[in-house]
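Structure, as structure tokens:
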Amino acid sequence: MAKLTKLDDIVSLCKRRGFIFQSSEIYGGLASCYDYGPLGVELKNNVKKAWWKNVVQIRDDVVGLDCSILMHPMVWKASGHADKFADLIAECKKCNTRTRVDHLKDKDADQAAEHTEHVDIDAAQAQSHDLTGKVCPKCGVVGQFTEPMPFKLMFETQMGANIDDSMTMHLRPETAQGIFANFRNVLDTARVKIPFGIAQIGKSFRNEVTTKAFIFRTREFEQAELEFFCEPGTDDEWFEHWKEARFNWYLDHGIKKENLRFREHDADELAHYAKGCVDVEYKFPFGSGDWQELEGVANRTDFDLRQHQRGMRTLNKWYESDGDISKIELADEAEEYFKGPLSYFDDQQKRRYIPYVIEPSAGIDRSALAFLVDAYDEEEVRGETRNLLRFHPALAPVKVAVFPLVKKEGMPEIARNICNDFKKYFNAFYDQKGAIGRRYRRQDEAGTPYCITIDGQTLEDKTVTLRDRDSMEQTRIPTDQLLTQIREKLGM
RNA sequence: GCGGGCGUAGCUCAGUGGUAGAGCGUCACGUUGCCAACGUGAAUGUCGUGAGUUCAAAUCUCAUCGCCCGCUCCA
């Protein structure tokens, strides 16, 4: 089997077949933004559907949620994003390498630069940074840096029509906080008991320093996140559960085993809230065949709910500060925080606690890209190259294509009727144009698992040809069994 | 942000100062009748964008936008 090695081939296929286009292309394009075309939106929706089905619908212990992208500014104060979602960066005047100021080493220091949190941008800017003794990690030149400049990672926007009294808001950098903010609501209304999870799929926005590789890292992207709440002490167990469950989800939907792996985070690269974190990585065909993150599974402990309890206690300060979160400090944690408003009462054990949270957080766009790349194949058929996408049926944009062999003898009418029947249950596509072989190959490149052809024999014995995408094999099926058999093959 | 490469039809690309092209794809008609077939015909271009040089710019110069590769960055 021919192996795809270049991202360019994927980009070109995506354009040619209407999976993914550059955003605002007629105006020269907008960096890092992409649009999903007719086939692409089906694929992406199917990825989301498959995730939702697996994480929410087939389970008894997970419910769904769909939160707004704009949230109360205090959410980001409490979560730590407002303070920490920014970097100070300085640039080496010699080689133009940009480095986080807090990562720069003294020229005499022998230890490696430590991984540190993002810094409070106002505080960091207020202090003076003496970079004269710092070494450029690239070229080794000492003390030749520009003034540190802030790098804001959250998108800002204004809320309120009147510019004078509008409020600066942030587009959410993750969907997770909407879930934490609704923990109480779901608990009170959904008749759930710990352990249980709340899932959400939606857009998030991060002003990344650098975007990368087609739709792999974009500033606007879609996440599928689950916050699974469990009793402290059972968190390691649930962490393992979700780690396995999420890994298998990719395999079950067609990702080849050799292209998927786990990568444990080292202690020093863990986020401020996490006790443990493992990435599910896919071997993408960009870079030097680099493994890249598809999804992170993290143990967020009780950090977020405790922070929001502090946030709730800070609300008065927020009003007093006239809505400027940079001017306020988060209230201290209550002594008996575990009995606070976001605590959980365990009726069996008769005790209150703040649950721990296991968070599988997947990137929908990069997953869709991985499914695309992994499904792509080229093979030699009678001296010609056949391009195809071996999508799992659940992810395939079109499930079945229906063709009349020729445009006469009533074949188009029969084919149309069959196609319309199919459409009630799944996405089907009718095509009567051109040679039959060409129509098959077109569907191969769209990843359609099955093609049905109405031919001369159909008129005689009411059977049709079923053609398999992967093997190109053909079998005859009686018309009256067609829908049942197809639905069984597709699993839908 | 740096360095390198690139940008001409939907795709792949040719075109080094003088009338914008090819292959594939798309569409129509005919033919064929199960794997990118054949014939005839057709449509499709801000040559990424903007300035400059020139009698004349896809071609030379500058700026800018976008993409890819490598750095850097990635809570």
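Just so it is clear: chains get the letters A, B, ... in the order the sequence lines come, proteins before strands, and each one is counted from 1.
A donor-acceptor contact shorter than 3.5 Å is absent between the side chain of A:Q223 and the backbone of A:G363.
Using bins of under 30°, 30° to 60° and over 60° for the plane-to-plane angle, the ring pair A:F426/A:F422 lands in the tilted bin.
Sorted pairs that involve residues 399-408 of chain A and meet side chain to side chain donor-acceptor pair (under 3.5 Å), not counting sequence neighbours, are lacking altogether.
Taking atom P in both B:rC65 and B:rU19, one finds a spacing of 33 Å when rounded to whole Å. For the C1' atoms, the distance from B:rC11 to B:rC67 is 16 Å, rounded to whole Å. When the C1' atom is used for both B:rC55 and B:rG70, the distance is 45 Å, rounded to whole Å. The P atoms of B:rA43 and B:rC27 are separated by 16 Å, rounded to the nearest whole Å. For the P atoms, the distance linking B:rA20 with B:rU59 amounts to 13 Å, nearest Å. Atom C1' of B:rU46 sits at a distance of 33 Å from the matching atom of B:rU40, rounded to the whole Å. B:rC13 and B:rC74: their C1' atoms are spaced 36 Å apart (whole Å). For the C1' atom pair drawn from B:rG25 and B:rA42, the interatomic distance equals 14 Å after rounding to whole Å.
Of the nucleotides present, B:rG1 is the one that pairs with B:rC71 by Watson-Crick or G-U wobble criteria, both distances under 3.5 Å. When both distances must be under 3.5 Å, the Watson-Crick or G-U wobble mate of B:rU19 does not exist. Shown here, B:rA51 forms a base pair with B:rU61; the pair counts as Watson-Crick or G-U wobble because both key distances fall under 3.5 Å. Across all strands shown, B:rG30 forms a Watson-Crick or G-U wobble pair, both distances under 3.5 Å, with B:rC38. Figure legend. B:rG66 is base-paired to B:rC6; pairs are counted as Watson-Crick or G-U wobble with both atom distances under 3.5 Å. Pairing of B:rA14, defined by two Watson-Crick or G-U wobble distances under 3.5 Å, is not identified with any nucleotide.
A straight line from CD of A:E445 to P of B:rC11 spans 13 Å, rounded to a whole angstrom. Atom-to-atom, CG of A:N387 to C1' of B:rG25 comes out at 13 Å; the value is rounded to the nearest Å. In this structure, A:W291 atom CH2 and B:rC74 atom C1' are separated by 20 Å, rounded to whole Å. Counting to the nearest Å, the P atom of B:rC65 and the CD1 atom of A:I26 are 19 Å from each other. For A:Q223 and B:rC74, the CD to P distance is 18 Å, given to the nearest whole Å. Straight-line distance from the CD atom of A:E220 to the P atom of B:rC74: 23 Å, rounded to whole Å. Rounded to an integer number of Å, the gap from A:Q432 CD to B:rC27 C1' is 14 Å. The interatomic distance linking A:Y27 (OH) with B:rG50 (P) rounds to 13 Å, in whole Å.
Ring centroids of A:F262 and A:F247 are separated by less than 6.0 Å, placing the two rings close together. Taking the six-membered ring for Trp, A:F371 and A:F391 have ring centres at least 6.0 Å apart.
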Could you list all N or O pairs between the protein and nucleotides 5-10 of chain B that sit under 3.5 Å apart?
{"from": "B:rG10", "atom 1": "O3'", "to": "A:K15", "atom 2": "NZ", "distance (Å)": "3.3"}

Contact list (N/O, under 3.5 angstrom) for nucleotides 31-35 of chain B vs protein:
{"from": "B:rG33", "atom 1": "O6", "to": "A:K408", "atom 2": "NZ", "distance (Å)": "3.0"}
{"from": "B:rG33", "atom 1": "N2", "to": "A:L405", "atom 2": "O", "distance (Å)": "2.9"}
{"from": "B:rC34", "atom 1": "O2", "to": "A:Y440", "atom 2": "OH", "distance (Å)": "2.8"}
{"from": "B:rC34", "atom 1": "O2", "to": "A:Q474", "atom 2": "OE1", "distance (Å)": "3.1"}
{"from": "B:rC34", "atom 1": "O2", "to": "A:Q474", "atom 2": "NE2", "distance (Å)": "2.7"}
{"from": "B:rC34", "atom 1": "N4", "to": "A:D455", "atom 2": "OD2", "distance (Å)": "2.3"}
{"from": "B:rC34", "atom 1": "N4", "to": "A:T465", "atom 2": "OG1", "distance (Å)": "3.1"}
{"from": "B:rC35", "atom 1": "O2'", "to": "A:R441", "atom 2": "NH2", "distance (Å)": "2.5"}
{"from": "B:rC35", "atom 1": "O2", "to": "A:R441", "atom 2": "NE", "distance (Å)": "3.3"}
{"from": "B:rC35", "atom 1": "O2", "to": "A:R467", "atom 2": "NH2", "distance (Å)": "3.1"}
{"from": "B:rC35", "atom 1": "N3", "to": "A:R467", "atom 2": "NE", "distance (Å)": "2.9"}
{"from": "B:rC35", "atom 1": "N3", "to": "A:R467", "atom 2": "NH2", "distance (Å)": "3.2"}
{"from": "B:rC35", "atom 1": "N4", "to": "A:R467", "atom 2": "NE", "distance (Å)": "3.3"}
{"from": "B:rC35", "atom 1": "N4", "to": "A:M472", "atom 2": "O", "distance (Å)": "2.6"}
{"from": "B:rC35", "atom 1": "N4", "to": "A:Q474", "atom 2": "NE2", "distance (Å)": "3.0"}

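Counting any heavy atom pair closer than 4.0 Å across all strands shown, A:Y34 reaches sugar-phosphate atoms only and no base atom. Residue-level contact check: A:E293 touches neither bases nor backbone, having no heavy atom under 4.0 Å from any strand. Counting non-hydrogen atoms under 4.0 angstrom, A:F403 reaches nothing in the nucleic acid.
Nearest nucleotide to the A:K433 side chain, out of B:rC73, B:rA28, B:rG66: B:rA28.
Projected onto RNA chain B by closest heavy-atom contact, A:F221 and A:I215 fall at different nucleotides, the more 5' of which corresponds to A:I215. Ranked by how close their nearest RNA chain B nucleotide is to the 5' end, A:R442 and A:S32 are led by A:R442.
Using a 4.5 Å heavy-atom threshold, the side chains of A:H72 and A:M169 count as separate. In this structure, A:Q177 and A:R172 have side chains that are not in contact, with every pair of non-hydrogen atoms separated by 4.5 Å or more. At least one side-chain heavy atom of A:F403 sits under 4.5 Å from a side-chain heavy atom of A:I436.
Considering only residues two or more places apart in sequence or on other chains, A:T314 meets the side-chain contact (heavy atoms from CB on, under 4.5 Å) condition with A:M74, A:K317, A:I328, A:L330, A:A331.
Shown are A:L482, A:D480, A:T479; of these, the side chain to side chain contact (heavy atoms under 4.5 Å, CB included) with A:K462 is made only by A:T479.
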Return a table of donor-acceptor pairs under 3.5 angstrom between the side chains of residues 27-42 of chain A and protein atoms on other chains or two or more places apart.
{"from": "A:S32", "atom 1": "OG", "to": "A:R219", "atom 2": "N", "distance (Å)": "3.0"}
{"from": "A:Y36", "atom 1": "OH", "to": "A:D365", "atom 2": "OD1", "distance (Å)": "2.7"}

Result block: side-chain N/O donor-acceptor pairs under 3.5 angstrom for residues 445-454 of chain A, not counting sequence neighbours:
{"from": "A:E445", "atom 1": "OE1", "to": "A:R17", "atom 2": "NE", "distance (Å)": "2.7"}
{"from": "A:E445", "atom 1": "OE1", "to": "A:R17", "atom 2": "NH2", "distance (Å)": "2.7"}
{"from": "A:E445", "atom 1": "OE2", "to": "A:R16", "atom 2": "NH2", "distance (Å)": "2.5"}
{"from": "A:T448", "atom 1": "OG1", "to": "A:Q443", "atom 2": "OE1", "distance (Å)": "2.6"}
{"from": "A:T453", "atom 1": "OG1", "to": "A:Y440", "atom 2": "OH", "distance (Å)": "2.7"}

